[in-house]
Every structure is written in structure tokens, then in C-alpha cells.
Amino acid sequence: MKKGSIKIHKKDKSPKKTEENKLRVYFVQLFGKYDIRNEARFVYFCKWLIFALLLIVEAFVLLDAIEHWIAQGEWRPFVHIAALTMVLTASEGMKLFAVKGGGVRTIFYVIDAVAASLIIFFTDGVYPILVYVLILTELYMSTDRTRTAVAILGCSVLLYLGSYVVKTFILRGDGFELYPVLTETIGAVFFLVAHFVLVNVALAFYRQFLRLDKALKELDESKQELEKAYEVVAEVTALEERQRIAKEIHDTAGHSITTVIMQTEAAKLILESNPDEAKSKIVSANLQAKHALEELRDSVHLLSGISGNKTLKTALEEVIQESTDGTGIKIRSEIEDVSVTEEKYRFLCNTLKEGISNGLRHGGATAFWFELKKEDDNILFLLSDNGKGLSGKPLQMGFGLTTMQDRVKSLGGKCWFESEEEEGFEIHLTLPMSELK
């Protein structure tokens, strides 16, 4: 070996270990293919297993016949047994894998029964009963009715006993003695009954397992569908909430900012000719800007998922404080602390802001009285100002008052306005306390 070269030692793989791995892989693939949760595939696998076991039992039957009959120099019984096993193999193969119709399958059931019964004439020991058991297993698998399975068991026992009795009289030439027949067949009958119980209990458990597995799959599918539906509903709800907030920003903050612009523009025009009026409009615009800023903050909090923990009374008192700070107006109030939905919470706060702004802009008010209280199952809202009121003309419903009326109706309440010339303006609201609204 050259200097610096590296010798690689390969792991020795013994033929025995390789063969074990191949067998393991084969059985994993075999039982993975015939998953017990797939009824059609599992039944197909069981049919092949029954057929393979039948071939093995028939091979033992033939070996036993060779040992018993050919050793005695009698070929005819061996030929009969070989012919019967061939007929039984062909019939069982056709019935298991080829024939689908019920009427044709009945013919092969009869052939199986006759062939199995005739084997009794030429064979002793456990092999005839094993042939019966394999044929009955397929029969039990083909029905899901207990009565039918019991009837099959009864017929098979009678057929086996009848075949054994005929064998005793014809081939052995013995006289009829009931006790020896019963003692010789009682073990076989017990074996047939035990096989019936075991197979049908196993089938009942398997069918129940399939029903439970199907129910679990349906539950999983329903869960997935519900999760998808929930995601869709959540997306739609979030979209609707965003659209509602966007509309609220447009209808409230947008309207307030527009009013601020109009008030300041008007103040600029009359600043020299009427300073007091200009000052009043600037104060009103300042107040409207504060309200617009607060509305924008509330909307941002909603979009970001931050919910305020202020009570309605605290929020209304803050609106009053913002309106009076630096403006020179007076607002007296009497507010009861009531619990309302978030939608009503925002509406009442916005209505108070809108009412104060309207009183300043349109009525020239300098003082307000605000009252919020609970009466029976209703919330009563009253905002009154000392403005100039209506000058004998019908009330012209602007954007703010129209929006206010529409929102009250959507919340299940009532809204009306009262005003007389030089007697100020009043806003009355009635909202139900019920959370359903």
C-alpha cells in the first residue's frame, strides 16, 4: 500500500442477516398493503390465506393417503382422494376469486360440501375437520347475520355427522351403535362449535372496529371542514370589521376634519371684520380637531386589537373635559355608569362629540347640559345647549344628524330633536340595554 493511502474496511454482511432483512421488508410490505382498516384489501388477503392453508391441508391429506392406502397396495382410494382434493381446490378457487354472483356461488358451496364430505370416507384423523373449518371460515366471512351463521354451523355439523355415520356403515360394515358414533365425533363437533364462536366473535370485533374507524375518519373530516369554515368566517369577520372601521373613520373623523377646514377657512375670511365670530369658529375647529384625533386613535386601537378598558362614564367625562379645555365653553353633566356593548359604547361617545360640535358650529352655544341615565331597561341620553336654536324654519338634517338617526335605528333605539328659536337645541336618544341589540 502506498504511503499516505487510507485503507477502508468494509463491513461484512452475512448472507443470513441479509436474508432476514429481506424477509422483514417483505412482511412489512405485505401487511402494509393489506391494511386491516381497508376492508376490501383485508378480506382479499384473508381469502388468499384461506386458500393457501387449504392447499397445505390437502397436501397432508394426500401424504396421509399415500401412507395409508398405497402402503396397503390399494390405489383406487388414493385416486379418489386426489380427485376430490383437485375438485375442492378448483371449486374453492373459483368461489374465492372468480365468481361474484350469489346463485353461482351457491353451486360451488354445494360442490365444496360434497367434496369435503366424501373425503371423510377415505381419510381419518384431523384433516377432514380442518377442511371443514377452512370452508366454514369463508362462509362466516360472507355473511354478517348471526342467524345465518348459526344455520351454517348447524348444517355443517349435521353434514359431518351424516358423512361419518355413512362411512361407518358402508366402509367399515359396523352395526348401528349410537354411543360409539357420538364418542368418536364429539371432539369434532366441539371443534366446529369452538371455531364458530372464535371466528364470529373476531368478525364482530373487526366489523365494530371498521365502524369506529369510519366514524373517526368522518369526525376528522368534519373537524377539518369546521376548521376551514372557521378560518373563512374569521377572515370574513376581520374583513367586515376593517370595512366597518374604515367607514367609521370616513364618516366621523373624515367629516370632522372637513368641518375643521371649513371652520378655519371661514375664520380667516372674517378675522378682521368680526374677530369675535372668527375666534368662536377657531375654538369650534379646535374642538372638532380634538374629537377627530380621538376618533382616529380609537379606530387604530380597534385595528391593532387593543381594546380599551375605560368605563362608559369615564370615556364620556373625558370627552367633556377635552371639549372644555382651552375653549371657554361650559358643560355640566350627570352621568350614570352603565354597562353597554362596545358598539353602543363608541356610538354614545361619538354622539356626544357630534352634539357638542354641532352646538358650537351651528347654534353658537357657550354652555351645555348632558345627562345619561338608566331607566327600566333603557339608556336615556340628553344633550341640551344654550344656542340660538331654530329660527322658525324646519330642521335641516345634515350629515351628522342623519348618521346619528341611522345608527340609533340599527341599535334598536329611538332618536328625536327639540328646538325653539333662541331656546337652544336638544338631542334625545333612547337605547335598549339588551345585549342582543
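Nearest heavy-atom pair across Asp337 and Leu312 is OD1-N, 4.2 Å. Contact record, Gly355 with Phe368: O-CE2, 4.2 Å, taken as the closest heavy-atom pair. Shortest non-hydrogen contact noted between Ala365 and Asp385 is CB-CB, 3.6 Å. Looking at every heavy atom in both residues, Val131 comes nearest to Ala116 through CG1-CB, 4.0 Å. The heavy-atom pair separating Thr89 from Phe51 by the smallest distance is O-CE1, 3.6 Å. Here the closest non-hydrogen pair linking Glu58 and Thr85 is OE2-O, 3.2 Å.
The residue from Thr351, Thr314, Leu352 that alone fulfils the side-chain contact (heavy atoms from CB on, under 4.5 Å) condition with Val319 is Leu352. Results of the side-chain contact (heavy atoms from CB on, under 4.5 Å) test with Tyr109 over Val114, Val104, Leu139 single out Leu139 as the only residue that passes.
Atom CZ of Phe205 is separated from atom CG of Leu210 by 13.5 Å, given to the nearest 0.5 angstrom. Here the straight-line distance linking atom CD1 of Ile427 with atom CH2 of Trp416 works out to 12.0 Å at 0.5 Å rounding. Taken to the nearest 0.5 Å, the CD atom of Glu334 stands 7.5 Å off from the NZ atom of Lys373. Rounding to the nearest 0.5 Å gives a distance of 4.0 Å between OG1 of Thr366 and CG of Asn386. Note that CE of Met141 and CG of Asn200 are 11.5 Å apart. Values are rounded to the nearest 0.5 Å. Residue Leu53 holds its CG atom at 9.0 Å from OG1 of Thr137, rounded to the nearest 0.5 Å.
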Dump the intermediate steps for side chain to side chain contact (heavy atoms under 4.5 Å, CB included) on Phe191 and Val126, then the final yes or no. CA-CA 10 Å; Phe191 188 74; Val126 73; over 6 Å; no
Kindly determine whether Phe347 and Val340 satisfy side chain to side chain contact (heavy atoms under 4.5 Å, CB included), including the steps that lead there. CA-CA 11 Å; Phe347 170 70; Val340 293; over 6 Å; no
Working note: Phe425 + Asn358, criterion side chain to side chain contact (heavy atoms under 4.5 Å, CB included); need CA distance, chi angles, decisive distance, verdict. CA-CA 10 Å; Phe425 190 86; Asn358 285 344; over 6 Å; no
Does the pair Thr430 and Asn378 meet the rule for a side-chain hydrogen bond (donor to acceptor under 3.5 Å, both in side chains), with working shown? CA-CA 6 Å; Thr430 302; Asn378 292 313; over 6 Å; no
Would you sort out whether Ile152 and Tyr140 count as a side chain to side chain contact (heavy atoms under 4.5 Å, CB included), showing the intermediate values? CA-CA 8 Å; Ile152 292 172; Tyr140 295 147; 3.9 Å; yes
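Side chain of Ser91 to main chain of Val87: no donor-acceptor pair is present (N/O by atom type, distance under 3.5 Å, no hydrogens or angles). Side chain of Glu336 to main chain of Lys374: a donor-acceptor pair is present (N/O by atom type, distance under 3.5 Å, no hydrogens or angles). Put simply, the side chain of Ser333 never gets that close to the backbone of Glu371: no donor and acceptor are under 3.5 Å apart. A donor-acceptor contact shorter than 3.5 Å is absent between the side chain of Ser357 and the backbone of Glu354.
Residues Ile356 and Ile329 meet the side-chain proximity criterion, which asks for heavy atoms closer than 4.5 Å. For the pair Gln208 and Arg211, the minimum side-chain heavy-atom distance is below 4.5 Å. Between Ile135 and Leu88, some side-chain heavy-atom pair lies under the 4.5 Å cut-off. Side-chain atoms of Leu96 and Trp48, non-hydrogen and from C-beta on, never get closer than 4.5 Å to each other. Counting heavy atoms from C-beta outward, Tyr206 and Cys46 have side chains that stay 4.5 Å or more apart. Between Asn350 and Lys353 there is a side-chain heavy-atom pair separated by less than 4.5 Å. Tyr345 is not listed as a side-chain neighbour of Ser339, based on a closest heavy-atom distance of 4.5 Å or more. A 4.5 Å side-chain heavy-atom check between Glu423 and Ser384 finds every atom pair outside the cut-off.
Screening residues 138-164 for salt bridge (Lys or Arg N to Asp or Glu O under 4.0 Å) gives Lys95-Glu138, Arg105-Glu138 as the qualifying pairs, with residues at least two apart or on separate chains. Under the salt bridge (Lys or Arg N to Asp or Glu O under 4.0 Å) criterion, no residue pair touches residues 197-207, with sequence neighbours excluded. Applying the salt bridge (Lys or Arg N to Asp or Glu O under 4.0 Å) definition to pairs two or more places apart or across chains, those involving residues 400-414 are Glu343-Arg407.
Annotation for Glu227: atom CD counts as buried by contact number, over 12 foreign heavy atoms lying within 6.0 Å.
Using cut-offs of 30° and 60° on the angle between ring planes, the pair Tyr127 and Phe60 is parallel.
A salt bridge is absent between Lys217 and Glu221: the closest approach of a Lys/Arg side-chain nitrogen to an acidic carboxylate oxygen does not fall below 4.0 angstrom.
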